[in-house]
There are 2 protein chains.
Amino acid sequence: MKYIEKLRNSGLRPTKQRLQICEVLFDREKTFHFTINELEQKIKNHTSRKISLATVYNTVHAFEKKGYLKQIPINSSETYFDTNVTDHHHFYDLKEEKLIDLENSDVGPINILKRINGKKIKSVEVLVKLED
Amino acid sequence: MKYIEKLRNSGLRPTKQRLQICEVLFDREKTFHFTINELEQKIKNHTSRKISLATVYNTVHAFEKKGYLKQIPINSSETYFDTNVTDHHHFYDLKEEKLIDLENSDVGPINILKRINGKKIKSVEVLVKLED
DNA sequence: ACACTTTTTTAGAATCATTATAAACTGGAA
DNA sequence: TTCCAGTTTATAATGATTCTAAAAAAGTGT
Ligand SMILES: [Mn+2]
Ligand SMILES: [Mn+2]
Ligand SMILES: [Zn+2]
Ligand SMILES: [Zn+2]
């Protein structure tokens, strides 16, 4: 398994549950944007033995802390996560409630002119809301 | 009261509660970014008679629907609202959990090159996260 | 003012995503 | 194999938000 090393190197034990969640999250060509409940469904389809909801939450938060996932700010009742942890932007389809990646080349450079005293810029994210 | 007309024109009855909430929200020079609980505190300081939490929620949602407030997407347990309903951008101070307006002139024009078939762009918002 | 209708307010209950708990289990080091 | 820190799990707790339904207030007409 290719994820065993990755997990070990992060100080996370490569448990059965984490490896299966890794497969669901990272065995993909494209970026995966998801809520916890969507992830839970994918896990159900992918494996026979069930993984408890608490473990899904624990794992997602552990991966987020290690930098393998990040949260995307959206006005939704559920939190959205992203397997693309690079700096990039999003379309948000309001009707479908789906995120779509926008590469930096799709948006062009963003130059923030204003600064706040004593604060550093950590990230610059563009959210483009889509309607029909 | 200057808000009576505004409310009536929107089809909202100018009740004591709504007028007091209007004063707290809109009698300001600067944009007001707030959560429901922050707003509740301001209301407490501003008035003697208390307004129930349900009314604060009702009113904020009514004002949002009428276009007097808008939600700002932030990764926070509480929803943030903004009295500045024009198209503009934000700093988000992660430590203080505070939003700060960025005018369009502070960011410069953003040109979205990619398009999604059958979808129109409704808004383009930049969120700049700040750390110490 | 009064009667009548509609909207709004309100306290409290319900909802639901998320987090906490604490007991059982497991991975890996020795 | 023994041991222990780390992990999983079912379940309870939390907390922001929404719902409910009865009381109050506002608008309308008389
Ligand atoms: Mn988190
Ligand atoms: Mn709302
Ligand atoms: Zn993405
Ligand atoms: Zn703002």
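Labels below follow one simple rule: chain letters A, B, ... track the order of the sequence lines, proteins then strands, and each chain is numbered from 1. No experiment lies behind these values; they were computed from the predicted model shown.
- Defined by atom type and a distance below 3.5 Å, a donor-acceptor pair is present between the side-chain atoms of His33(A) and Asp101(A).
- No salt bridge links Asp87(B) with Lys70(B); every basic N to acidic carboxylate O contact stays at or beyond 4.0 Å.
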Check your understanding: Tell me, for nucleotides 24-30 of chain D in 5' to 3' order, what letter each nucleotide earns: B for a base near a protein heavy atom under 4.0 Å, S for only sugar-phosphate near one, - for neither?
Key -> -BBS---

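- Phosphate contact (OP1/OP2 of dT10(C), side-chain N/O of Thr55(B), threshold under 4.0 Å): present.
- Residues Ile100(B) and Leu39(B) fall into different hydrophobic clusters, defined by Ile, Leu, Val, Met, Phe, Trp and Tyr side chains chained together at heavy-atom separations under 4.5 Å.
- Dashed line: the shortest gap from a side-chain N or O of Thr35(A) to OP1 or OP2 of dA17(C) is not under 4.0 Å.
- Under 4.0 angstrom from either OP1 or OP2 of dT19(C) there lies no side-chain N or O belonging to Tyr57(A).
- Thr86(B) and Asn84(B) form a side-chain donor-acceptor contact under 3.5 Å, judged by distance and modelled atom types alone.
- When the side-chain nitrogen and oxygen atoms of Thr79(B) are compared with OP1 and OP2 of dT17(D), one or more of them lie within a distance under 4.0 Å.
- Comment: Lys98(B) engages Glu38(B) in a salt bridge, judged by a side-chain N to carboxylate O separation of less than 4.0 angstrom.
- Direction of the helix axis in the helix from dA1(C)-dT30(D) to dA30(C)-dT1(D) shifts by 30° between the two five-pair termini, rounded to 10°.
- A donor atom on one side chain and an acceptor atom on the other are not found under 3.5 Å apart for Asp106(B) and His88(B).
- Taking the centre and axis of the six-membered ring of Phe26(B), the NZ or CZ atom of Lys2(B) falls outside the cone set by 45° and 6.0 Å.
- His61(B) has a side-chain polar atom (N or O) that falls below the 4.0 Å cut-off from OP1 or OP2 of dT18(D).
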